[in-house]
Amino acid sequence: MSAAAAGAVLPSPAPTRYSSAGGQHATLTADLAAALLAGCASARRASELHAAAVRAGVDRDKAVDFRLQRAYAASGRLDLAVALLRRSPDPTAVFYTSTIHAHSSRGLHLAALALLSDMLSQGLLPTTHTLSTSLPACNGRGGLAVGRALHGYAVKLALSGDSYVATALLGMYARAGDSAAARALFDLMLPDPHVVSVTAMLTCYAKMGALDDARSLFDGLPKKDFICWNAMIDGYTQHGRPNEALRLFRRMLRSGVEPDEVSVVLALSAVAQLGTTESGKWLHSFVKNSPRVRLNARVGTALIDMYYKCGSLEDAIAVFDGLHDKDIVVWNAMINGYAMHGHSRKAIEMFNQLRAQGLWPTDITFIGVLNACSHSGLVDEGCKFFKSMEQEYGIEPKIEHYGCMVDLLGRAGLIEEAFDLVQSMKIKPDAVMWVSLLAACRLHKNMALSQRIANYLVANGLANSGMYILLSNIYAAVGNWQEVGRVRSMMKASGIQKEPGCSAIEIGRQVIEFVAGDTSHPRTDEIYAKLEEVNVLVKEQGHVPQTELVLHDLDEATKEKALAVHSEKLAVAFGLISTPPGAAIKIVKNLRACADCHAVLKLVSKITGRKIVFRDRNRFHHFVDGACSCGDYW
């Protein structure tokens with residue numbers, strides 16, 4: 001930018017000699033100082049040039065002043081950039097806009113908007129660049145109101161038609177979830193909207209869960225770059241539709257668009273949700289052979305997360321060991337992997353290793369180690385980690401950390417202590433925590449406390465479907481059918497339905513799902529014949545069906561039949577007839593396995609010599625030769 005463009009040029013004092021890096025001496029004029037500052041992004045270099053400009057008496061030149069401000073902002077010294085702005089006797093809109101951009105682009109949204117307010121209060125009119133720079137700062141509480149005010153400014157000043165301003169406005173409304181306003185702006189851009197606008201609109205729909213609208217927009221685009229593909233894939237992944245996400249990723253490959261790192265991470269997240277190992281291995285192979293995607297910490301973390309959620313802890317460990325630059329996020333993923341698979345001591349060992357390497361744990365690190373302690377009943381260790389968060393690491397516990405502690409104490413039978421912790425919390429307990437506490441009451445048959453909790457939740461309108469179902473199950477477990485009926489009537493009146501159990505098994509790259517009593521599969525007769533054979537064999541091993549787990553007022557024979565056709569048992573039977581002898585069977589269930597299924601799967605692993613890897617809602621169970629990796633503590 002020239003001095004004229006920045007404003008009126010002040011007369012320069014007598015010139016001085018300036019020594020360049022090559023040792024040559026030149027007179028430091030305002031034009032030379034501005035030129036030297038143009039590409040400066042180092043705080044040290046900016047300070048040196050600033051000092052030289054002061055000595056030469058050209059530091060008050062508007063072009064030099066502006067370039068200095070930009071140099072300090074580029075190097076991260078926003079305090080000095082703002083100081084220069086405050087020092088200027090007659091700052092221009094361009095000067096303010098540059099400072100606003102420096103703050104907004106670094107996520108310092110409130111500071112950016114405060115500078116904008118300052119600028120407007122001085123009677124300076126915003127430019128298209130001012131508006132397009134300020135609108136991204138309109139986030140969080142009150143952001144939409146400020147954004148609408150800026151929209152009004154844009155219309156009043158006839159700037160709303162500028163493509164950059166319109167795109168920034170659309171992005172602002174999209175982030176705020178105002179899809180109607182965003183779409184109205186988007187339609188004005190047709191037939192040739194900017195790719196940023198398309199992505200913002202897709203992201204807006206996806207964020208709100210309006211995936212059909214997003215897909216309609218996506219399919220109507222004549223040209224799609226990888227950013228558009230990523231936005232659509234992300235929408236499916238974030239809203240629990242991993243099959244569609246993975247299908248879209250494959251379609252992206254067929255279309256000739258080269259996936260980037262984000263595409264791969266999203267696809268790996270979808271595979272992790274599905275628990276399909278073969279698809280995960282295919283993606284891993286893609287990464288190894290991709291000229292565009294490197295196996296860095298981000299992709300490595302996604303691979304570790306995918307492998308351990310697919311039941312392949314060994315592959316997750318291999319990826320971890322193969323990464324050269326491991327940041328704390330990579331370590332967190334591996335700790336969570338060990339925790340989810342019941343290797344609690346190893347998770348704690350990993351925590352000690354990362355500290356020995358000089359890494360500082362985050363709140364996510366502590367969620368991992370606290371989960372590890374909960375899965376193995378390591379109460380003393382868990383309490384020690386929880387206390388160390390604030391005392392040693394200055395990390396204030398969040399709702400997730402309290403939830404881990406409630407789960408840890410509750411599973412260990414310390415239900416009163418868990419209840420006391422909930423009551424003493426500085427933050428409001430969430431639904432997950434109450435469900436965890438009720439589950440502990442059910443596990444340890446603490447009817448008195450469960451009733452107290454239930455009364456409190458119902459009286460305060462806090463009860464949700466999980467809580468009602470647990471309470472119903474608690475009453476059913478002790479045969480109080482009158483109370484069961486009352487709770488189920490309350491559920492019906494509230495429109496709450498129990499989530500049906502569903503178990504999925506991967507055969508090759510195909511995922512087959514079963515629900516209890518399922519007869520929809522073409523090989524149903526073979527499945528039930530194998531299931532009957534398994535039931536006979538496990539009874540010969542001494543198994544007695546745990547009919548008390550059938551929470552309905554039925555006779556024993558009917559209860560036993562209901563137990564026999566649980567979804568995970570059907571999945572195991574299908575796995576036995578669909579895979580070679582000795583092959584491992586991997587099953588994923590959306591709910592926690594019942595105790596009877598857990599006992600049966602242990603015996604099936606012993607009888608058949610098969611390893612059964614079972615992932616429920618909370619963790620993994622590895623059944624080998626009649627034993628489970630959880631040590632029956634789950």
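Taking each heavy atom of Cys404 and Leu370 in turn, the nearest pair found is CB-CB, 3.6 Å. When all heavy atoms of Phe66 and Ser98 are compared, the closest pair comes out as CE1-CB, 3.7 Å. Closest of all the heavy-atom pairs between Thr127 and Leu159 is C-CD1, 4.1 Å. Residue Pro242 comes nearest to Ala270 through the heavy atom pair CB-O, 3.3 Å, listed as atom of the first residue, atom of the second, then distance. Summarising the geometry of Met252 relative to Pro259, their closest heavy-atom pair is CE-CA, 3.6 Å, with the distance given to 0.1 Å. Residues Cys138 and Arg175 approach most closely at O-NH2, 4.4 Å, considering heavy atoms.
By the 6.0 Å contact criterion, CD on Glu390 is enclosed, its count of non-hydrogen atoms from other residues, nucleotides or ligands being greater than 12. Other residues, nucleotides and ligands place more than 12 heavy atoms under 6.0 Å from the CZ atom of Phe320. The 12-atom threshold is exceeded at OH of Tyr393, counting heavy atoms of other residues, nucleotides or ligands nearer than 6.0 Å. In this structure, Arg106 places its CZ atom where more than 12 heavy-atom neighbours from other residues, nucleotides or ligands lie under 6.0 Å away. The 12-atom threshold is exceeded at CD1 of Ile399, counting heavy atoms of other residues, nucleotides or ligands nearer than 6.0 Å.
Figure legend: cation-pi geometry between Arg292 and Phe226, with NZ or CZ positioned under 6.0 Å from the six-membered ring centre and within 45° of its axis.
A heavy-atom distance below 4.5 Å is not found between the side chains of Pro361 and Met389. When side chains are defined from C-beta on, Leu295 does not count as touching Lys288, because their heavy atoms never get closer than 4.5 Å. Side-chain contact check for His284 versus Tyr307: some heavy-atom pair is nearer than 4.5 Å. Side-chain contact check for Thr92 versus Leu124: every heavy-atom pair is 4.5 Å or farther apart. Counting heavy atoms from C-beta outward, Leu84 and Asp65 have side chains that approach closer than 4.5 Å. His50 places none of its side-chain heavy atoms less than 4.5 Å from the side chain of Leu80. Taking 4.5 Å as the limit, some side-chain heavy atom of Arg251 sits within range of a side-chain heavy atom of Arg254. Inter-residue side-chain proximity for Val146 and Met172 is flagged as unmet; no heavy-atom pair is nearer than 4.5 Å.
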Query - Steps toward side-chain contact (heavy atoms from CB on, under 4.5 Å) verdict (Ile328, Trp360) - result: CA-CA 7 Å; Ile328 190 61; Trp360 197 257; over 6 Å; no
Query raised in the report: Please walk me through it: do Thr237 and Asp234 pass side chain to side chain donor-acceptor pair (under 3.5 Å)?
Result: CA-CA 5 Å; Thr237 304; Asp234 187 38; 5.4 Å; no
Requested in this report: Step by step, work out the side-chain contact (heavy atoms from CB on, under 4.5 Å) result for Lys224 and Val198.
Outcome: CA-CA 10 Å; Lys224 308 176 184 71; Val198 174; over 6 Å; no
Requested in this report: Given side-chain contact (heavy atoms from CB on, under 4.5 Å), test Val264 with Phe286 step by step and report yes or no.
Outcome: CA-CA 9 Å; Val264 171; Phe286 173 84; 3.8 Å; yes
Report task. Go through the steps for Leu354 and Met334 under the test side-chain contact (heavy atoms from CB on, under 4.5 Å), then give the verdict. Result -> CA-CA 11 Å; Leu354 74 87; Met334 199 64 250; over 6 Å; no
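Listed for the His401 side chain is a donor-acceptor partner under 3.5 Å among the backbone atoms of Asp363. Checking side-chain atoms of Thr301 against main-chain N and O of Ala297 turns up a donor-acceptor pair under 3.5 Å. Side chain of Ser88 to main chain of Leu85: no donor-acceptor pair is present (N/O by atom type, distance under 3.5 Å, no hydrogens or angles). Side-chain atoms of Ser104 come within 3.5 Å of backbone N or O of Thr133 as a donor-acceptor pair. Asp407 places no side-chain N or O within donor-acceptor distance of the main-chain N or O of Ser436, the cut-off being under 3.5 Å. Judged purely by atom type and a 3.5 angstrom limit, Ser263 uses its side chain to pair as donor or acceptor with the backbone of Asp260.
Interatomic distance, OG1 of Thr276 versus CD of Gln273, reported as 10.5 Å (0.5 Å rounding). Note that CG of Asn243 is 5.5 Å distant from CZ of Arg247, once rounded to the nearest 0.5 Å. Separation of atoms OG (Ser269) and CD1 (Ile233) is listed at 11.5 Å; rounding is to 0.5 Å. Rounding to the nearest 0.5 angstrom, the gap separating the OG1 atom in Thr130 from the OH atom in Tyr96 is 11.5 Å. In this structure, the separation between CE on Met189 and CZ on Phe186 is 8.0 Å, given to the nearest 0.5 Å. Between atom CG of residue Leu221 and atom CE of residue Met232 there is a gap of 11.0 Å, rounded to the nearest 0.5 Å.
Checked against the 6.0 Å centroid criterion, the rings of Trp229 and Phe249 do not qualify as a close aromatic pair. A centroid separation of 6.0 Å or more is found between the aromatic rings of Phe366 and Phe386.
For His109, there are no ring-ring contact (aromatic ring centres under 6.0 Å, His included) partners, not counting sequence neighbours. Under the ring-ring contact (aromatic ring centres under 6.0 Å, His included) criterion, Tyr205 pairs with no residue, sequence neighbours left out.
The side chain to side chain contact (heavy atoms under 4.5 Å, CB included) with Asn336 is formed by just one residue from the set Ile304, Ile364, Asp305; it is Ile364. Residue Arg215 forms a side-chain hydrogen bond (donor to acceptor under 3.5 Å, both in side chains) with just one option from Asp219, Asp213, Asp212, and that option is Asp219.
Asp430 has no carboxylate O lying under 4.0 Å from a charged side-chain N of Lys398, or vice versa, which leaves the two without a salt bridge.
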